[in-house]
Amino acid sequence: MIILPHLVKGMRDRTALEIYRRNYIISTIQSIYACYGFEPLETPALESRATLTGKYGAEGEQLIFSVLKSGDFTKEVEQKIPLTDYKRIKPYITDKGLRYDLTVPLVRYIAANQQLLTFPFRRYQIQPVWRADRPQKGRYREFLQCDTDIIGSSSLLCEAEILKLIYDILVKLGLQHFCIKINHRGILTAISGAEASSEREKIFCTTVDKLEKIGLEKTIATLSSKGFSEQSLQLLTSFSDPKGGNMPLLAQLDHTIGCTASGAKAIGELTEVITQAGRLGLPDGCWAIQPTLARGLAYYTGMVIEITIKDSQIGSIGGGGRYDQLGSLFGIENLCGIGFSFGIDRLYDSMESQGLFNGISASVTDILLINMDAKAESQLLALLSRLRTYGFKAEVYPDRTKLKRQFVYADKKKIPFVVIVGEEELSTNCYSLKNMQTGLQNSYNWPELCQALETSLNIK
RNA sequence: GUGAAUGUAGCUCAGUUGGUUAGAGUAUUGGUUUGUGGUACCAAAGGUCGCGGGUUCGAAUCCCGUCUUUCACCCCA
């Protein structure tokens, strides 16, 4: 019976080229983290059901991949629940699931290791997460996230540092046309006029979050039907398409909602964050205040940010914000923090469409040694070893087959140099070196061979 | 989870109102070339037409179901 080699829905294999490119992104990011004093953390792919549930809302929870219990759980289920009741059966047959994001595992980790950690705790985490979403352009069921968090400080300097960190990473990767969109939940609270009701505020945020997608008119209509005041709608309209730059916009915000408690706080905080970020070297022009930016996740309490790329089909390549109550779910009160997450796969897609991987090829081998003559074998293997010791990336073709096949192999793998040791070379005591790009071939002794390879390959 | 499109050789795609043995390009293998790759020429091999059922004398083609991929919604990185 032949098993069809199908991939599981939404899952992807990665080729050598993709891995080299992704590793380049990751190592670039890591070098920036090191400069900022962030430490790496890794957590397991599986978390307990208790950890995962109740954190992402009803829709989010549906997207968690559940893993069956290991033992025989059938009897317990049979006795307690009718087999037709899928939703009630689930807790009895599954007790763990694949992680849905990196923030919840982080908070779980902190809750368990509070005494061991030094606060403020700065960590980054680069690991895959899984969501049982329907795959689409830029949307995968398994994707690599890169989370950055500073836990245990309410200082606005953290916000400023995160902004500059994001900027440094994107600049070092060479990404063009990115924009860091910035807002504050307090601004939305003030516009919504729902200071007293966090429930109303949530409704307002999730509706406004879709503004860019469904347009202003539909958003206004939806909000109106949900009973938000004429004044709120007018305010929202006036900020929906901001022009004239960030500072005039802040002044306009101050003028209109500066009189409300949440508005004044938000504007004050944003102003300070921006000032601090400027002192850290964040240039104007790479960020923009967007008063309608809400972000879907409910737990944000302060600044929220999102990275978008101009004229890009995929959504944001990253987002985050300040949260103040996340720890309470694990029994820690007043655990405040700020977090940001890059979608590495989307970053990859953006970089690819901007042609930023041109220097990175899949070839690892610089020199192929042709295997052609049994008499030359000891000479050949000694050469292979010497080349590697010297620091060249070399391999020998394992089978003693016809030369054509071996040259085709070098050609396909884009190996730039081929060395031949055969009867002719043995008799003249030299090596033949062929440049596969120019097609030129010359004879060298060992020092000459090293020199020729060194200059061509730009080693050392 | 809701709605739509798609599936033919390893890959990209043709395939007439349902009618003989399902084609092309490219890739593969062999040869022209047993000490030399890219180009060219010659030849060969490669398909349960996604899968299952139905209609029909006859189905890649029509109908139903199912799965895959893609797109939109929901939501998000």
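Residue numbers start from 1 in every chain, and the chains themselves are labelled A, B, ... in the order their sequence lines are given, proteins ahead of strands.
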Next on the checklist: Checking A/R400 against A/E377 for the salt bridge (charged side-chain N to carboxylate O under 4.0 Å, His left out) test, could you report, in this order, the C-alpha distance in whole Å, the side-chain angles of both residues, the deciding distance, and whether it holds?
Outcome noted: CA-CA 10 Å; A/R400 200 172 294 133; A/E377 191 163 48; 3.2 Å; yes
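- Although no hydrogens or angles enter the test, the distance criterion places a donor-acceptor pair under 3.5 Å between the side chain of A/T94 and the main chain of A/V67.
- Judged by Watson-Crick or G-U wobble contacts below 3.5 Å, the nucleotide B/C71 has B/G3 as its partner.
- Side-chain atoms of A/R139 and base atoms of B/A77 include no donor and acceptor less than 3.5 Å apart.
- B/G7 and B/U70 are spaced 11 Å apart, taking the C1' atom of each and rounding to whole Å.
- Note on A/R131 versus A/E142: no salt bridge recorded, every NZ/NE/NH1/NH2 to OD/OE distance being 4.0 Å or above.
- Remark: C1' of B/C76 and CG of A/D133 are 7 Å apart, rounded to the nearest angstrom.
- Residue contacts for A/G320: at a heavy-atom cut-off of 4.0 Å it reaches no nucleic acid atom on any strand shown.
- Counting atom types as modelled, A/K412 pairs no side-chain N or O with a base atom of B/G37 as donor and acceptor under 3.5 Å.
- In this structure, the side chain of A/E47 does not engage the main chain of A/P105 through any donor-acceptor pair within 3.5 Å.
- Remark: A/K413 fails to qualify as a cation-pi partner of A/F407 under the 6.0 Å distance and 45° angle criteria applied to the six-membered ring.
- Inspection of the A/Y409 and A/E395 side chains reveals an N or O donor paired with an N or O acceptor under 3.5 Å.
- In this structure, A/G318 reaches the sugar-phosphate backbone alone: every heavy-atom distance under 4.0 Å involves primed, P, OP1 or OP2 atoms, never a base.
- At a cut-off of 3.5 angstrom, the base of B/G38 holds no donor-acceptor pair with the side chain of A/Q437.
- When the P atom is used for both B/A14 and B/U56, the distance is 31 Å, rounded to whole Å.
- A/Q406 comes within 4.0 angstrom of no nucleic acid atom, judged by non-hydrogen atoms across all strands.
- Here A/L63 lies out of heavy-atom contact (under 4.0 Å) with every strand.
- In this model, the phosphate group of B/U70 is not approached by any side-chain N or O of A/Q136 to a distance below 4.0 Å at OP1 or OP2.
- Comparing the C1' positions of B/G15 and B/A9 gives an interatomic distance of 14 Å, to the nearest angstrom.
- Taking atom CG of A/L440 as the reference point, atom P of B/G37 lies 15 Å away to the nearest angstrom.
- Between the base of B/U2 and the side chain of A/R134 there is a donor-acceptor pair shorter than 3.5 Å.
- In this structure, A/F407 atom CZ and B/G38 atom P are separated by 11 Å, rounded to whole Å.
- You'll find that the side chain of A/K402 is closest to B/G31, out of B/G31, B/G1, B/G35.
- Pair check for B/U28 finds B/A44; Watson-Crick or G-U wobble, both atom distances under 3.5 Å.
- Per the geometry, OH belonging to A/Y397 stands 17 Å off P belonging to B/G35, to the nearest Å.
- For A/F143, taking side-chain heavy atoms from C-beta onward, the closest of the listed nucleotides B/U68, B/U36, B/A77 is B/A77.
- Rounded to an integer number of Å, the gap from A/K9 NZ to B/U70 P is 9 Å.
- A straight line from CD of A/Q145 to C1' of B/A77 spans 6 Å, rounded to a whole angstrom.
- Within the 4.0 Å cut-off from OP1 or OP2 of B/U34, not a single side-chain nitrogen or oxygen of A/K404 is found.
- If you take CD of A/Q62 and C1' of B/G1, they are 5 Å apart, rounded to a whole angstrom.
- Here the side chain of A/D411 is nearest to one of B/U36, B/C76, B/G38, namely B/G38.
- With hydrogens and angles ignored, a donor-acceptor pair under 3.5 angstrom links the side chain of A/Q441 to the base of B/U36.
- For the pair A/V8 and A/L403, nearest-nucleotide mapping onto RNA chain B gives the more 5' position to A/L403.
- If you check B/A77, B/G35, B/U70 against the side chain of A/S341, the one that comes closest is B/A77.
- For the C1' atoms, the distance from B/G25 to B/U61 is 23 Å, rounded to whole Å.
- No hydrogens or angles considered: nothing links the side chains of A/D133 and A/Y140 as a donor-acceptor pair under 3.5 Å.
- Going from atom NZ of A/K137 over to atom C1' of B/U69 covers 13 Å, rounded to whole Å.
- Both geometric conditions, a ring-centre gap below 5.5 Å and a plane tilt below 30°, are not fulfilled together for A/F342 over the base of B/A77.
- Place A/E424 and A/I307 on RNA chain B by their nearest nucleotides, and A/E424 ends up nearer the 5' end.
- To the nearest whole angstrom, the two C1' atoms, one in B/G52 and one in B/U32, are 49 Å apart.
- For B/G18 and B/C57, the C1' atoms lie 12 Å apart once the distance is rounded to whole Å.
- Among the protein residues, A/E425 comes within range of the nucleic acid bases, having at least one heavy atom under 4.0 Å from a base atom.
- Taking the C1' atom of each, B/U55 and B/G1 are spaced 34 Å apart, rounded to whole Å.
- Within 4.0 Å (heavy atoms only), A/G138 reaches at least one base atom of the nucleic acid.
- Of all nucleotides listed (B/U69, B/A77, B/G35), B/G35 comes nearest to the side chain of A/E423.
- Straight-line distance between the C1' atoms of B/A59 and B/C51: roughly 16 Å, to the nearest whole Å.
- Here the shortest heavy-atom pairing between A/Q354 and A/I309 reads NE2-CG2, 3.9 Å.
- The side chain of A/R405 places an N or O atom within less than 4.0 Å of a non-bridging phosphate oxygen (OP1 or OP2) of B/G30.
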